[in-house]
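Quick notes on the structure that follows.
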Amino acid sequence: MIIQATRIAREGGIHYLARHLLDKPLENERIEVLAGDRAALHDAHALATVKGCRYAVRHWSISPEREMTPAQLSAFLKSVDAEFNVGVTRPRLIVRHVKDGRSHFHVAIAEVDPETLRVLDCRNDFRRLEGLAREYEQVHGETVQPSCAERRERKVEGFSDVARKRAERAVPEFDRTRLRRAAALGHSAFRQELGRQELRIGKGEKGPILVSASGAFVAAANRAVGMKRADFQKFITEGHESEQTARTERRVPDHAGTNRRQPDPASAALVTVGGARRPGQDCAVVGTPRPHPGNPEPASRRAPTPRRKARSLAPSIALFREALFLHRLTKLDLDDLLRRALAFAASIRSMLEPETDRLARQIAETRKRRESFSPAEPTEPQGPSYSFRRRNT
């Protein structure tokens, strides 16, 4: 039996779970609802929302090796209920799926209890569910699956039986145990063991690989010695560096352009006394001898040439910015800038002042504009154009 547990988050909603359990008839030969309905999932989501819980539904997927009878399913669910103290008040949905002639079950239970508002226990749920599954297998005669600890013990880290057999077919002399022991002793021992097994390190797509003398792939180099890829790369790099260092220390420096032997320090320290010497005659000198005119002086003895300090560009950048600012200031219309500033200040004042003050100010401005209005042409008093005496004459 295989049983898996997942927790459905409240933010994601329960729509995907409901669609997976109830709305996929094409992927399943048969869908049977054994308990609950779609509303149970919505009730579980509502309870998690009220509680403020991160998860809304606990989902268990149960896949038995053989077909389970209703009595066996009921007994197993009761054992799960007793293990996690589920209770009878939580909303739940139990569905049976038949796919490829085999049955598996889905159990969706609310995380929050509607009466106590307590969240369903989830501590060490994988280990506890695995124990219930092993117990069911032993009672009903199913194949007892290995536990997680047993699978971990059987697993060979980084090198499976298939890879070992493939390597032995490619190179009969391949011995992974000797390679691991040699790698533990050091890089030189590892190189010697590679030579004894007629192997060499090549470059693969994902890292170093071991190839035979004919160029056939044998195994991944890091897996053959039981290391991670980064650790093996570091092991090879440090081995090359240590070999180069040892080779450099063992090499005796030669004198370019001469076949003479290096002078003895004791004889070099002596001073020749008496007798004139010809120009260019070799003589011992006190201290460090000067280099031969035909040979360049070693780089370590040359006098260090002082480097010129790079001139800082900060002062020139500051002067350029100041000149650019003054140039833009001369092109600016200060009157227009002042008008814009006054208009902006007036708009800010109108937004911040109370409603009554704003209305009073608008009324005063309207009256002022009306009083300051003057007609285009002044009006002169005119006499009446009709005379009532015209009828009497």
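Scope of the values below: all heavy atoms of this structure, side chains included, with no hydrogens, waters or symmetry mates.
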> Can you check side chain to side chain donor-acceptor pair (under 3.5 Å) on T143 and E65, steps first, answer last?
Replying inline: CA-CA 8 Å; T143 303; E65 182 183 8; 3.1 Å; yes

>> Taking side chain to side chain contact (heavy atoms under 4.5 Å, CB included) as the definition, give me every residue that meets it alongside V144, ordered by chain and number, with sequence neighbours left out.
In response: R134, E137, Q138

>> List the residues meeting side chain to side chain contact (heavy atoms under 4.5 Å, CB included) with D175, not counting sequence neighbours, and say none if there are none.
In response: T177, R178, Q197

>> Is there a side chain to side chain donor-acceptor pair (under 3.5 Å) between T89 and E115? Walk through the geometry before answering.
In response: CA-CA 7 Å; T89 58; E115 291 186 354; 4.6 Å; no

[X] to [Y] - nearest heavy-atom pair and separation:
{"X": "D113", "Y": "R90", "value": "N-NH1, 3.2 Å"}
{"X": "V211", "Y": "G202", "value": "CG2-N, 4.5 Å"}
{"X": "R66", "Y": "E142", "value": "N-OE2, 3.4 Å"}

Under 4.5 Å side-chain linkage, directly or through intermediates, the cluster mates of [X]:
{"X": "I62", "value": "M1, I3, L34, W60, M68, L73, F76, L77, V80, F84, V86, I94, F105, V107, I109, L120, L129, L132, Y136"}
{"X": "F126", "value": "none"}
{"X": "L342", "value": "L338"}
{"X": "L185", "value": "none"}

I'd like to know if [X] pairs up with [Y] as an ion pair, taking the criterion as any Lys NZ or Arg NE/NH1/NH2 lying under 4.0 Å from an Asp or Glu carboxylate oxygen.
{"X": "R7", "Y": "E111", "answer": "yes"}
{"X": "R340", "Y": "D336", "answer": "yes"}
{"X": "E193", "Y": "R196", "answer": "yes"}

> More than 12 non-hydrogen atoms from neighbouring residues, nucleotides or ligands closer than 6.0 Å to NZ on K24, yes or no?
Replying inline: yes

> Do other residues, nucleotides or ligands put more than 12 heavy atoms under 6.0 Å from E11 CD?
Replying inline: no

Quick check: does any side chain N or O of [X] sit under 3.5 Å from a backbone N or O of [Y], one acting as donor and the other as acceptor?
{"X": "S347", "Y": "F344", "result": "yes"}
{"X": "D100", "Y": "R102", "result": "no"}
{"X": "R38", "Y": "L93", "result": "no"}
{"X": "S74", "Y": "P70", "result": "no"}
{"X": "H59", "Y": "L17", "result": "no"}
{"X": "H45", "Y": "I14", "result": "no"}

> Between H20 and Y16, what is the ring plane arrangement, given parallel below 30°, perpendicular above 60°, and tilted in between?
Replying inline: parallel

>> Are R128 and D125 packed together at the side-chain level, in the sense that at least one heavy-atom pair is separated by less than 4.5 angstrom?
In response: no

